[in-house]
Amino acid sequence: MHRNDVGLWTFESPRDLRGVAHAFAPADAWGGFDARRREDRARLRDGIAPTARLVETHQTHSAHVALVTADTTSASLADERHGGIDALVTATPGVLLHAIAADCPLVFFADRDANAVALAHSGWRGTVGDVVGATIARLVDELGARRERLVAGIAPAAGGCCYEIGPEVVARFRALPIDATAALRPSARADHALLDLEHVLVRLLEREGIGRDRVEVAGQCTICGGERFHSHRRAQGRAGRMSGVITGAWS
Ligand SMILES: [Zn+2]
């Protein structure tokens, strides 16, 4: 990923993600960023797509996906599904999809030919619930995206070096329709494991038809990566939030 002069990160290798305005805002963007602050979200919008309308949801680690059109607002999404929405898809210029995280991977999607983009919040619950598969299905079925064209980027998140999970969660990953063996390493605690969530997401994307050559992985761990990241684990639940944003308009 590329880091610009105010500390925003963008994906570089997937061709279509280079061409669409998007960013990951870590804790040290502008010298201090927390997505819980309204003024920080506004600064992010102004820095990426000043004329766009920022659309965000109440995230609950679900696999629910919402389509954002010209009429969609954050408030209308809250009315649409009180149980939470963890991924947004759009082909409408002038909207800026927004999601927050503090250890959970944010997964960015784009298909330039369909003018379609998406942003998914995929922590362990969302990943085993297949929010990624649900997001791709909406992109393909409703916005004309094609699996063989879609590109994806996975933002900094809890890494396989640090992200310890308990036996119930290990069992959920072993039950996935991919081989998760390589993503689970023994940890110091009995029956626990260190989870490489990026590895799992890459396998799930491959299974959905998005090959490894069309996926950029940040490969940065938010738990041991220091103060430039907000980490729910490291701060024991008192962390700020980082942001992902992507627009439906190409340059
Ligand atoms: Zn780490």
Side-chain angles (χ1 to χ4, degrees), residues 1-4 8-24 26 48 63 65 86-91 97 99 101 104-124 126-161 163 173 176-185 195-222 225 244-251:
M1 295 184 79
H2 171 74
R3 185 179 184 280
N4 77 4
L8 296 178
W9 297 30
T10 51
F11 293 101
E12 290 186 287
S13 56
R15 177 183 57 88
D16 284 5
L17 278 175
R18 279 206 309 267
V20 62
H22 73 279
F24 171 74
I48 298 298
V65 185
D86 285 81
L88 295 171
V89 302
T90 194
L97 308 183
C104 290
L106 295 175
V107 188
F108 296 65
F109 296 89
D111 177 345
R112 187 186 187 105
D113 291 345
N115 196 41
V117 296
L119 183 58
H121 166 243
S122 187
W124 79 258
T127 300
V128 298
D130 199 21
V131 69
V132 157
T135 302
I136 295 167
R138 296 290 291 269
L139 283 167
V140 170
D141 295 346
E142 294 176 49
L143 297 178
R146 300 258 295 269
R147 290 168 194 273
E148 64 273 23
R149 288 193 310 239
L150 276 166
V151 300
I154 304 173
C161 38
Y163 191 27
F173 277 87
L176 284 174
I178 53 148
D179 182 2
T181 309
L184 295 165
R185 290 189 302 121
L195 171 66
D196 185 344
L197 199 45
E198 286 176 343
H199 179 94
V200 172
L201 287 166
V202 165
R203 293 282 100 78
L204 288 170
L205 289 166
E206 263 178 353
R207 189 169 180 271
E208 295 289 342
I210 307 181
R212 183 67 186 87
D213 60 328
R214 284 181 283 133
V215 179
E216 181 172 348
V217 177
Q220 302 278 327
C221 175
T222 50
V245 284
I246 188 166
T247 70
W250 267 263
S251 55

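Just so you know, residue 1 is the first one in the sequence shown, and it goes up from there.
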Those residues that, when tested against Glu12, pass side chain to side chain donor-acceptor pair (under 3.5 Å) (two or more places apart): none
Is there side-chain contact between Arg212 and Val202, with at least one heavy-atom pair below 4.5 Å? yes
Do Phe173 and Thr127 come within less than 4.5 Å of each other through their side chains, counting heavy atoms only? yes
The criterion is ring-ring contact (aromatic ring centres under 6.0 Å, His included); which residues satisfy it with Phe11, sequence neighbours excluded? His22, Phe108
N/O donor-acceptor pairs under 3.5 Å from side chains in residues 150-158, not counting sequence neighbours:
none

Below 4.0 angstrom, N of the basic side chain to O of the carboxylate: do Arg147 and Glu208 qualify? yes
Asp179: side chain to side chain donor-acceptor pair (under 3.5 Å) partners, not counting sequence neighbours: Thr181
Looking at residues at least two apart in the chain, or sitting in another chain, which of them share a side chain to side chain donor-acceptor pair (under 3.5 Å) with Arg207? none
Testing the basics here: between Gly129 and Ala63, what is the closest heavy-atom pair and its distance to 0.1 Å? O-CB, 3.3 Å
Salt bridge (charged side-chain N to carboxylate O under 4.0 Å, His left out) partners of Glu216, counting only residues at least two apart: none
Report, one line per pair, each donor and acceptor closer than 3.5 Å where one atom sits in a side chain of residues 132-142; sequence neighbours left out.
from: Thr135; atom 1: OG1; to: Val131; atom 2: O; distance (Å): 2.6
from: Arg138; atom 1: NE; to: Glu142; atom 2: OE2; distance (Å): 2.5
from: Arg138; atom 1: NH1; to: Val65; atom 2: O; distance (Å): 2.8

For Arg185, salt bridge (charged side-chain N to carboxylate O under 4.0 Å, His left out) partners two or more places apart: none
Looking only at non-hydrogen atoms, find the nearest pair between Val107 and Leu201 and report the distance. CG2-CD1, 4.2 Å
Can you sort out the partners of Arg149 under side chain to side chain donor-acceptor pair (under 3.5 Å), two or more places apart, ordered by chain and number? Asp111
